[in-house]
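A short write-up of the structure that comes next.
A note on names: the letters A, B, ... follow the listed sequences, proteins ahead of strands, and every chain is numbered from 1.
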Amino acid sequence: MIKFVLMVNRQGQTRLSRYYESVELNRRAALEADVVRCCLSRKKDQCSFVEYKDFRLVYRQYAALYIVVGVTDSENELSIYELVHNFVEVLDKYFSRVSELDIMFNLDRVHVILDEMIQNGHIVETNKSRILAPLTAIDKMADG
Amino acid sequence: MPAVSKGDGMRGLAVFISDIRNCKSKEAEIKRINKELANIRSKFKGDKALDGYSKKKYVCKLLFIFLLGHDIDFGHMEAVNLLSSNKYTEKQIGYLFISVLVNSNSELIRLINNAIKNDLSSRNPTFMCLALHCIANVGSREMAEAFASEIPRILVAGDTMDSVKQSAALCLLRLYKTSPDLVLMGEWTSRVVHLLNDQHMGVVTAAISLITCLSQKNPDEFKTCVSLAVSRLSRIVSSASTDLQDYTYYFVPAPWLSCKLLRLLQCYPPPEDGAVKGRLVECLETILNKAQEPPKSKKVQHSNAKNAILFEAISLIIHYDSEPNLLVRACNQLGQFLQHRETNLRYLALESMCTLASSEFSHEAVKTHIETVINALKTERDVSVRQRAADLLYAMCDRSNAKQIVAEMLSYLETADYSIREEMVLKVAILAEKYAVDYSWYVDTILNLIRIAGDYVSEEVWYRVIQIVINRDDVQGYAAKTVFEALQAPACHENMVKVGGYILGEFGNLIAGDPRSSPLVQFNLLHSKFHLCSVPTRALLLSAYIKFINLFPETKATIQEVLRCDSQIRNSDVELQQRAVEYLKLSSIASTDVLATVLEEMPPFPERESSILAKLKKKKGPGAVSVTELEDNKREGGELNGGADRGPDTAAMAASNASTPSPSADLLGIRSSAPVGAAPTSAGNLLVDVFSEAGPAAPSAAVNDDGFLRDLEQPTETSDSLLVEGSGDSDSAPPSEDPAPPLSEADELLNKFVCKNNGVLFENQLLQIGIKSEYRQNLGRMYLFYGNKTSVQFASFTTTVSCPGELQSQLNVQTKPVEPLVEGGAQIQQVLNIECLTDFSDAPLLNIKFRYGGALQNLTLKLPVTINKFFQPTEMASNDFFQRWKQLSQPQQEAQKIFKANHSMDTEVLKAKLLGLGTALLDNVDPNPENYVCAGVIQTKGQQVGCLLRLEPNAQAQMYRLTLRCSKDSVSRRLCELLAEQF
């Protein structure tokens, strides 16, 4: 099961966080800081999977942005690693060349996209056009 | 402004976000946020009704602020209002806010439920999805009550849109996890399983998560999913890379779905149906074949997706552990990955191979990669990969390669990362012991270990080497010689001094013939280290000195001189001072004979599981030590397996707690330094109780401590030993009446002893019956003390122990008849030897008959022999615990009770009871610190039953929920019954 998805930049600022297990607010900040420290300190040639407490982190870096996914051992690490990439590709398609700013200014939409892909900590959809279907429908309504 | 939001962008929000971005300091940011919060608050409180757009904008700002790490304590009502909007974006923000800031405010939940109800019946698929999603995210009890019956209908209805089905599947999963009692799958089971056949891949992807969870809980009801999953997988695997259109990812057809299907199959054993199995094997072979084909794309995404499926397929092959051909192919494939340039693949391959090593079919194949793995240990740049390499070396070790692997691990230890040194030390110690053919090699290895990584050598490790040396007389001389040489080093680790002190104190005589290691040389060598050592070590050395006086009378004067000097006899440390004073006195007044008796060589330690292994299990998750390994170890190293944390100090503890302090008290020198007494259930402690508190009738000298239970293991079939069985009444029993039925309070009396072993079982005006008992493995010994409270003699006193009904074949209880006369005011003792053959629920009966002033007394009690007495505590880490917990997920393996507290709910009281139960109380396992979790293994002659326990107190309601999961269902039930009476 996926426990959380985080998007953080190199400065350690959280740009997106989605928890699939309830974590108290004050513990979230500490967890995020710790997770980010753990991933940022790693070098390029180190492996993308990190044992962290009783679960694992799978992370992937895009320019200055890190996407970190916390998973239990019932998940396949490589498939999560590629899920992250799929997510980024969907964002890229929607925002046509996504940047950190797009994510900040369109947080609601990024959440819609993420919610289409992962629900309750489980992968539900991987097909890009179906992931984007609700958003394209809204955008059409707004344009029209 | 740098970026604009898409669609119907909210300008105010964009401005606010830009402002935050431009803040130069944290203070400025907080100031800006507070200003905004005040603004939003005033807007929400204002007289003017806000339109949907403004509400959405402000709620969105609140979300953003929340994300920055600030608590949000208002706006919930406005978010709820948004739910009833007809605009998707407004509704979506409302739901998002509620999902992210879950609040159990019941009034709000009612309003939210209302909105959800409306959306579910709206037949607008996007609205339905939002509503389902919200239920899935909040998942509260109230929501489950309101919607649990509705969701399965939506999930399987023919006219439901695909996207709604997906959300419904995940929603149902969440409700099933939080409130399983409300989700009744019965009639829906078959239709849910058939979602695996749905033509829409997204639906299948979502449904698998649900089906996997349901299958883990109810494997039988859902086992039809196996054949459906196999055929689905087969269709995907054999499809061309373009067939699945948008579900193809970099030329790999449906990689995520494939992984999930393979995971689902891991919930079940290999398919029984030959055709299904054939098809599955074909799939697995195709996946393995594809790994060898040239890649269809150079992109890393392609190979990652392909390998994700491959690793999952290998996991399934390992899970089945029945296809030698596939296992060996999997091993070869992983072997290729070991040298791959992608670190991720090397990491995963090492990890996967670690599980492969424990399969008998692939163990040999894994071993062929030893050089590569050793190389990885030496050259990998990432410590987590090196750690995996060390794990794999440990897993692939056997008698044939143990020397090589141990040598490599030792040399790696010199440069190993600090974070993994302790674990490496434990592993080396275990391997060295497990595969030692030649014990001088074992001794060398451990001494090397102390030399290289002394700081990381825990007490368990050096206790263990001492136990083994003591138990094996063929290695004692070598050990003495080797420690003597090791101590020559100018700077040697304190642990080395401890081992040296102990071994020379016991076996120094074996090397004393050589003038280079004459008694005085040995003594001077040890004493040269003395002043640099800590108090516990110095205490141990003092004990070694007194043993020297016994072994080598010629050293007596020198040693007495040392003991007599002020730094010893007036040492500020009480322990050291006492030892110095007592040893000095002992050496001067005791005759040689007395000295020789007091300081006799240590008897061999009883066999028990290696405490090092226990420690490693505690440190590491399941990958490190499996149960089979543990059993292997027992078999192979049987004669060495003494337990450091319980056994060795029994003698010392017993003696030192006896009423007259004897200087032999802690010859082991461990008392002051070792955490031996830490476990309250420790056998050592119990034995002490028997010694010190037993009534006048307890013949303390007759109990030989170290072999306490040994005679039980080989029951002597002599004629006088009475094998007590159902009706096996002794023919010498003059009172001929049948045994009385058990007292009405017998069960209550029994319950008092579930969590303790000693105490008064029964008392009336005539008679008092006290109990002391001790259990080890599947054996137990119980002392019954019958006290005559009157001043008149009891005549024809007979006691009979019987095992009614099926208990006869479950428990073997042996005892000898007691003396038929009990004088007034006297106490007699009876010893029962108990052997647990298999798990049991009833208690043996104790019938007592005697004549008091002519009247026949006849009473029957239940003996407090309960199944939990045969617990061996098992320490384990959190992930290990939960993994096992999940493995014991069949409904019959679980027993649960919710009950009112009958006793104090005080933490310490509860802890004491749970420890008394015999299990290990595990800290930091349950996410809720209020809860208690315990683990233990019940040892019976025939089998071991693993038990996990969770106790959730609710102090407010004065209630408990108790859950037990055991590998045997009858044990779960019995333990649950017993324990529900304890709290």
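Taking OG of S163(B) as the reference point, atom CD of E116(A) lies at 7.5 Å (rounded to 0.5 Å). One distance of note links NZ of K128(A) with OH of Y247(B); it measures 11.5 Å at 0.5 Å rounding. Here the CD1 atom belonging to I118(A) is positioned 11.0 Å from the OG atom belonging to S209(B), to the nearest 0.5 angstrom. Here CE of M104(A) is found 5.5 Å from CZ of R21(B). Values are rounded to the nearest 0.5 Å.
Remark: the backbone N or O of C259(B) is not paired with any side-chain donor or acceptor of N76(A) at under 3.5 angstrom. Using a distance-only test at 3.5 Å, with no hydrogens or angles considered, no donor-acceptor pair links the side chain of D246(B) to the main chain of N127(A). Between the side chain of D382(B) and the main chain of C47(A), a donor-acceptor pair closer than 3.5 Å is present.
The neighbour count for K177(B) NZ, taken as heavy atoms of other residues, nucleotides or ligands under 6.0 Å away, is above 12. Shown here is K87(B), whose NZ atom has no more than 12 heavy atoms of other residues, nucleotides or ligands within 6.0 Å. Crowding of M1(A) atom CE: a count of heavy atoms from other residues, nucleotides or ligands under 6.0 Å exceeding 12.
When only modelled atom types and interatomic distance are considered, H122(A) and R174(B) share no side-chain donor-acceptor pair under 3.5 Å. Side-chain contact check for E89(A) and Y249(B): no donor-acceptor pair (N or O, by modelled atom type) lies under 3.5 Å. For the residue pair R109(A) / Q92(B), no side-chain donor-acceptor distance below 3.5 Å is found, with atom types taken as modelled.
Taking every heavy atom of both residues into account, E51(A) and Y347(B) meet most closely at OE2-OH, 3.5 Å. Between P134(A) and Y88(B), the shortest heavy-atom distance links the atoms CB-OH, 4.0 Å. Smallest separation of non-hydrogen atoms from R18(A) and S99(B): NH2-CB, 4.2 Å.
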T205(B) and E125(A): CA distance, side-chain angles, deciding distance, side chain to side chain contact (heavy atoms under 4.5 Å, CB included) verdict
CA-CA 7 Å; T205(B) 308; E125(A) 189 55 80; 5.9 Å; no

Carefully, step by step, assess V124(A) and L170(B) under the rule side chain to side chain contact (heavy atoms under 4.5 Å, CB included).
CA-CA 8 Å; V124(A) 282; L170(B) 269 302; 3.0 Å; yes

For a side chain to side chain contact (heavy atoms under 4.5 Å, CB included) check, start with the C-alpha distance between D73(A) and Q883(B), then their side-chain angles and the critical distance, and finish with the verdict.
CA-CA 9 Å; D73(A) 55 8; Q883(B) 182 169 355; 4.2 Å; yes

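For chain A, the nearby part of L348(B) is the side chain; its heavy atoms alone come within less than 4.5 Å. Proximity to chain A (any heavy atom under 4.5 Å) is restricted, for L173(B), to the side chain, taken from C-beta onward. Residue H200(B) touches chain A through its side chain alone, counting heavy-atom pairs closer than 4.5 Å. Heavy-atom distances place both the backbone and the side chain of I123(A) under 4.5 Å from chain B. For L257(B), no part sits under 4.5 Å from any heavy atom of chain A, backbone or side chain. In this structure, chain B has heavy atoms under 4.5 Å from both the backbone and the side chain of S74(A).
Scanning residues 77-88 of chain A against chain B with a 4.5 Å non-hydrogen threshold yields E77(A), L78(A), S79(A), Y81(A), E82(A), L83(A), H85(A), N86(A), sorted by number. Contacts between residues 54-72 of chain A and chain B, counted as heavy-atom pairs separated by less than 4.5 Å, involve D54(A), R56(A), R60(A). Within residues 32-44 of chain A, the residues having any heavy atom closer than 4.5 Å to a heavy atom of chain B are R42(A), listed by residue number.
Looking at heavy atoms from C-beta onward, T89(B) lies in side-chain contact with I138(A) at the 4.5 angstrom threshold. Counting heavy atoms from C-beta on, the side chains of Y19(A) and V100(B) never come closer than 4.5 Å. Here the side chains of R130(A) and Q166(B) are in contact, with some heavy-atom distance below 4.5 Å.
Heavy-atom pairs under 4.5 Å with chain A were tallied for S878(B), S384(B), S315(B), S167(B); the largest tally goes to S167(B). Contacts with chain B were tallied for V50(A), D115(A), L135(A), L107(A); D115(A) has the most, counting heavy-atom pairs under 4.5 Å.
Under the salt bridge (Lys or Arg N to Asp or Glu O under 4.0 Å) criterion, the residue pairs touching residues 301-313 of chain B are R263(B)-E312(B), with sequence neighbours excluded.
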